[in-house]
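The chain is numbered in sequence order, starting from 1.
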Amino acid sequence: MQEKEHAIKLRYQVEDSPALIESVVLGFQNVITAFGGLVAVPLIIAGMASSSVEQTAYLISVALFVSGLVSIIQSRGFGPRFFRVGVGLPTIMGTDFAFIGPAQSVIALGGLPAYFGGTMLAALLEIVMSYFVKPLMRFFPPVVTGSVITLMGATLMSTAMDWAAGGAGAPDYGDPTNLGIAVLVFLIVVLFNHYGRGNWSSYAILIGMGIGYLFCLFMGRVDTDQILAAAWFRMPSFNQIGIDFDWRYALPFLSGYLVTVIETVGVMQTLGEVTQRELSDEQVAAGVRADGFGSFIAPLFGSGPAATFSQNTGLIPLTRNASRKVAIVAGLIMIVLSMSPKLATVISVMPLPVLGGAGVLMLGTVAASGIQSLSRISFDTRNLIITASAIGIGLGVSFRPEITQGLPSFLAGLFSSGISAGTIVALVLNVLLKERKTLR
């Protein structure tokens, strides 16, 4: 694994080992950044299954435990070469929104046991496909990966803006107070990141979100009743709901796993860019395999499929930290939080504008990394068409996701995400448009 020349000088390279206290602080930043996505999916799944309050709390707790476990596996990397699991770069993983669509129909048919059994069986597809990633990597030249990385940050920006406004569907969406809190956090992060010396710069995200959280607490915008009511300790356990193995329940999830493979390859390329490492095809395949392996074992504990979180890649250039130790510590923090509902609740009740203020910058950083990658290629007509088409269609699907509703269910699943739609377009055009050799 080779280092790349890069404009940003990292304080910690992948193999570096920051002191324990610093690793905990940097790891906590990663957990806070991912927390909204970590708890959102189990909340939605619980709603689909009409789960009780106790069962909902159980699903959230298990999702945190599994996310921490598979984050450690992905970041550390385990196993022999022929079944290497984990890319070995700092990665945060969690439950994935790509499976919510098919989950609704499967849960309606067989409840949560059908959901767990279907996702577990379908995960075998991703594990098998990981062995075909290496020959497929030749279809991912810089013009494709640069477009995908740019698209990854750009398509997620609407999520960050929703957070800044108070959360999609919130009655106070766009309230000036929400926007003011988001702006406050944004400015604190920017100023500390740019002017902070030493560790202060690396802790900019945590400092900004911490100040924003305290500001909201004094304003009475934090639900302290939920924190007081939550239990201090609960041991994790294996699946208490049941697993129904039936291939009928697995079929609806196949398109979701195809999308996950495409998106994970893009995230791996982004990780290589922000950690300033040249990834081998085997490492990308091991990263995809970790997604599939994590999704296979997750139902054993009572959680849905796991996937690599793209938003956390934006933390690496901002904190100038690429140490895998920090991601492993973040995984351990998630496991600890899964055992303490009270600590998890402290984070889960964080007002969304706080997360939005930091999220705008983090996801913007991902898009900027893609632009930086594209700046290294020659923008002839072919590359311009590929980039414009991938970003245009990817953003178009993100802005108007209902455009795919009339497609057959398999195609609708493949193109349901702006990232997967843009990636597919870039891949197809890269094959169709042959490079012209220029004479000198």
Side-chain angles (χ1 to χ4, degrees), residues 31 34-74 92-124 126-127 230-250 252-253 256-257 260 290-309 331-345 347-348:
V31 175
F35 207 84
L38 292 174
V39 301
V41 173
L43 279 172
I44 294 171
I45 294 297
M48 290 177 178
S50 301
S51 300
S52 64
V53 174
E54 292 77 12
Q55 194 175 69
T56 301
Y58 165 75
L59 291 173
I60 293 173
S61 176
V62 172
L64 284 170
F65 178 82
V66 170
S67 297
L69 178 64
V70 295
S71 293
I72 294 171
I73 293 172
Q74 181 73 281
I92 302 299
M93 295 183 66
T95 46
D96 193 0
F97 284 92
F99 302 94
I100 288 177
Q104 188 164 17
S105 60
V106 171
I107 289 173
L109 288 172
L112 287 175
Y115 166 68
F116 293 136
T119 55
M120 192 172 180
L121 289 174
L124 296 172
E126 188 170 13
I127 295 175
W232 275 105
F233 182 77
R234 177 173 36 201
M235 280 294 293
S237 62
F238 285 100
N239 192 312
Q240 299 177 359
I241 298 171
I243 304 176
D244 187 354
F245 292 111
D246 190 323
W247 282 105
R248 291 178 303 162
Y249 301 141
F253 293 106
Y257 279 107
T260 300
D291 268 24
F293 180 75
S295 296
F296 183 79
I297 65 172
L300 295 176
F301 296 94
S303 178
T308 306
F309 273 22
L332 293 173
I333 291 173
M334 285 187 273
I335 292 174
V336 170
L337 288 175
S338 75
M339 300 180 188
S340 177
K342 189 175 290 289
L343 294 178
T345 305
I347 301 176
S348 66

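Applying the side-chain contact (heavy atoms from CB on, under 4.5 Å) rule to Leu121 yields the partners Phe245, Trp247, Ala250; only residues at least two apart in sequence or on another chain are considered.
The minimum heavy-atom distance between Leu64 and Ser338, with the atom names listed, is CB-CB, 3.8 Å. Across all their heavy atoms, Ala123 and Gly292 have their closest contact at CB-O, 3.7 Å. Tyr115 approaches Ile107 most closely through the heavy-atom pair CB-CG1, 3.8 Å.
A donor-acceptor distance shorter than 3.5 angstrom exists from the side chain of Ser71 to the backbone of Met93, with no hydrogens or angles considered.
For the atom pair CE (Met120) and CD1 (Ile243), the distance works out to 5.5 Å, reported to the nearest 0.5 Å. A distance of 5.5 Å separates CD1 in Ile335 from CG in Leu69, rounded to the nearest 0.5 Å.
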For a quick test of your reading: what N or O donor-acceptor pairs under 3.5 Å do the side chains of residues 293-300 make, sequence neighbours left out?
unit_1: Ser295; atom_1: OG; unit_2: Asp291; atom_2: O; d: 3.0
unit_1: Ser295; atom_1: OG; unit_2: Ala306; atom_2: N; d: 3.1
unit_1: Ser295; atom_1: OG; unit_2: Ala306; atom_2: O; d: 2.9

